[in-house]
Amino acid sequence: MLIKDADPIKSSEITSKDAFLNRRTLLAGTAGLIALGATSKKAEAAKLSFAKSRLSTSEKPTPYDIVTGYNNFYEFGYGKEDPAKYADALTTKPWTVKIDGLVDKPGNYALEDLVKPAKLEERIYRFRCVEAWSMVVPWVGFQLSDLLNRVGVQSGGKYVAFETLVRPEEMRGQRGIANLNWPYREGLRMDEAMNPLTILANGVYGEELPNQNGAPLRLVVPWKYGFKSIKSIVRISVTSRQPENTWKMQASNEYGFFANVNPEVDHPRWSQASERPVSGGLFAKRKPTQMFNGYADQVAGMYAGMDLRKFY
Ligand SMILES: Nc1nc2c(c(=O)[nH]1)N[C@H]1C(S)=C(S)[C@@H](COP(=O)(O)O)O[C@H]1N2
Ligand SMILES: [Mo]
């Protein structure tokens, strides 16, 4: 099958989904294999209001259909198209996040109570999966530091641990289809959690997150491989010890805790020297991967003195 590239899209238009919908015939050509069915339903998603951010990249975002149609979310299956097909089964309203551990104000928080006081911003970030593909995603969310400051981190709090929900009735991957040790878990060191680049996203493309992207609240850490950016969070714990993380538990010879994007350290199955942008048609050229996914200026200082080759 020959797939024609779409016309270039002006970056001024790109974060408006209406502009996207007007062009979806063209974009459908680009997305190629990705079904359009899910998109029309998502047109009903609630719009968010947010400010722009100086921390956004000026690179052109990956088309909406790809951002919401080519996903990793093993709770719904292994395939890249499984999340878009099956994640609608997840009930995201109401949603509660348990915040516990070394914080002044632990509790079970309704999602609204976490999001309402927050300063929502659009953060257009590069996003790099350890499988060596990449996108540019216009997230909407707020800094994790903002939430941590609100709940008050106590002096012994050195790490932040996150968990996704376990709900096999709604998550087919948890019914024996994907054999991970549920719940999906991730963690950050406190300085990483407090870094201004680290956000909790509740939206993408100006609207509430679709389920396949980790609704209603997911982490985004743009200088680390995508698996750190845990989806559909139900628990945030401040801990004194380095928490477990799912992919390291699964295969510690392949995945680490830090998982900083590093073109010089290969994964046993994927060279990390370059990446395949999942936009611009199936024949898009690979491009060189950047240290810390291009965010070295903002984050390299946190790892001064660490031998980065040992912390894959
Ligand atoms: N709970 C949960 N979070 C997850 C995953 C997952 O399988 N389960 N996959 C991770 C991986 S490997 C990637 S690359 C990103 C993909 O995010 P996206 O689908 O929004 O692009 O989500 C991450 N967060
Ligand atoms: Mo990934």
Side-chain angles (χ1 to χ4, degrees), residues 15 17 38-39 41-51 64 67-69 71-77 82-100 106-125 127 137-148 150-151 160-174 182-186 188 193 198-222 226-237 246:
T15 50
K17 185 159 160 212
T39 319
K41 201 177 342 167
K42 293 306 171 200
E44 297 153 20
K47 290 224 184 341
L48 299 168
S49 42
F50 50 84
Y64 180 88
V67 170
T68 61
N71 302 98
N72 273 334
F73 200 168
Y74 278 28
E75 284 84 342
F76 298 100
D82 287 343
K85 265 193 224 152
Y86 300 114
D88 273 353
L90 179 66
T91 309
T92 58
K93 287 173 185 162
W95 193 268
T96 305
V97 181
K98 177 181 191 163
I99 302 184
D100 62 357
N108 292 306
Y109 289 86
L111 179 76
E112 302 70 49
D113 296 336
L114 298 182
V115 173
K116 266 204 197 110
K119 178 175 169 263
L120 288 188
E121 287 186 357
E122 177 183 62
R123 295 285 181 98
I124 307 171
Y125 283 163
F127 188 86
V137 184
W139 304 109
V140 178
F142 55 95
Q143 290 184 192
L144 175 59
S145 62
D146 163 347
L147 174 62
L148 291 172
R150 268 187 275 149
V151 297
V160 185
F162 304 86
E163 286 179 15
T164 299
L165 79 168
V166 180
R167 196 184 284 164
E169 319 86 84
E170 296 183 352
M171 300 175 117
R172 65 191 282 279
Q174 292 180 337
W182 313 112
Y184 193 98
R185 275 161 264 208
E186 261 306 336
L188 295 171
T198 303
I199 60 167
L200 287 170
N202 65 328
V204 70
Y205 266 99
E207 295 182 345
E208 282 181 354
L209 279 179
N211 285 1
Q212 59 267 36
N213 292 92
L217 194 70
R218 60 94 54 88
L219 184 68
V220 181
V221 194
F227 67 85
K228 296 294 293 180
S229 292
I230 182 174
K231 295 178 167 181
S232 305
I233 294 168
V234 291
R235 185 174 177 197
I236 300 176
S237 313
T246 289

Heavy atoms of Phe73 and Ser232 approach each other most closely as CZ-OG, 3.4 Å
CD of Gln143 to NZ of Lys119, rounded to nearest 0.5 Å, is 7.5 Å
With a 3.5 Å distance limit and no angle check, can you tell me whether Arg185 reaches the backbone of Ala161 through a side-chain donor-acceptor pair? no
(message) Less than 4.5 Å apart, side chain to side chain, heavy atoms only: is that true for Val204 and Pro210?
(response) yes
| message | Does any part of the side chain of Tyr86, heavy atoms only, come nearer than 4.5 Å to the side chain of Asn211, both counted from C-beta? | response | no
Are the side chain of Arg123 and the backbone of Gly141 linked by a donor-acceptor contact shorter than 3.5 Å? no
Distance col, row Asn108:CG vs Lys98:NZ, nearest 0.5 angstrom, shows 6.0 Å
Between Phe127 and Gly226 the two heavy atoms that sit nearest each other are CZ-CA, 3.7 Å
With side chain to side chain contact (heavy atoms under 4.5 Å, CB included) as the criterion, how do Val151 and Ile236 come out once you've worked through the C-alpha distance, each side chain's angles and the decisive distance to 0.1 Å? CA-CA 11 Å; Val151 297; Ile236 300 176; over 6 Å; no
Value for CG (Leu200) from CG (Leu219), rounded to nearest 0.5 Å, stands at 6.0 Å
_Using side-chain heavy atoms (C-beta onward) and a distance below 4.5 Å, is Phe162 in contact with Leu188?_
yes
Correct closest heavy-atom pair for Leu209 and Ala215 would be O-CB, 3.4 Å
- Are any non-hydrogen side-chain atoms of Leu165 and Leu90 less than 4.5 angstrom apart? yes
>> I'd like to check Leu114 versus Ile99 (side-chain heavy atoms, cut-off strictly below 4.5 Å). Are they in contact?
In response: yes
Mark yes or no for whether Lys231, through its side chain, and Asn72, through its backbone, hold a donor-acceptor pair below 3.5 Å. yes
Taken to the nearest 0.5 Å, the spacing of Arg150 CZ from Phe142 CZ works out to 6.0 Å
d(Leu217 CG, Glu208 CD) to nearest 0.5 Å is 11.5 Å
query = Is any side-chain heavy atom of Asn202 less than 4.5 Å from a side-chain heavy atom of Leu111?
reply = no
Rounded to the nearest 0.5 angstrom, the CD-CG distance for Glu170 and Asp88 is 11.0 Å
Here the pair of heavy atoms bringing Ala84 nearest to Gly69 is CB-CA, 4.2 Å
Could you check if a side-chain atom of Phe76 sits within less than 4.5 angstrom of a side-chain atom of Lys85, using non-hydrogen atoms only? no
* Is Tyr184 close to Tyr74 at the side-chain level, that is, under 4.5 Å between some pair of heavy atoms? -> no
| message | Quick check against the 3.5 Å criterion: does Gln212 have a side-chain atom that pairs as donor or acceptor with the backbone of Thr68? | response | yes
- [ ] Test side chain to side chain contact (heavy atoms under 4.5 Å, CB included) on Arg167 and Thr91 and set out the steps.
- [x] CA-CA 10 Å; Arg167 196 184 284 164; Thr91 309; 3.8 Å; yes
### Task
Look at the side chain of Ser229 and the backbone N and O of Val221, then say whether any donor-acceptor pair between them is shorter than 3.5 Å.
yes
Between Trp95 and Ile233, the two heavy atoms sitting closest are NE1-O, 2.8 Å
Nearest heavy-atom approach of Gly77 to Arg172 is CA-NH1, 4.0 Å
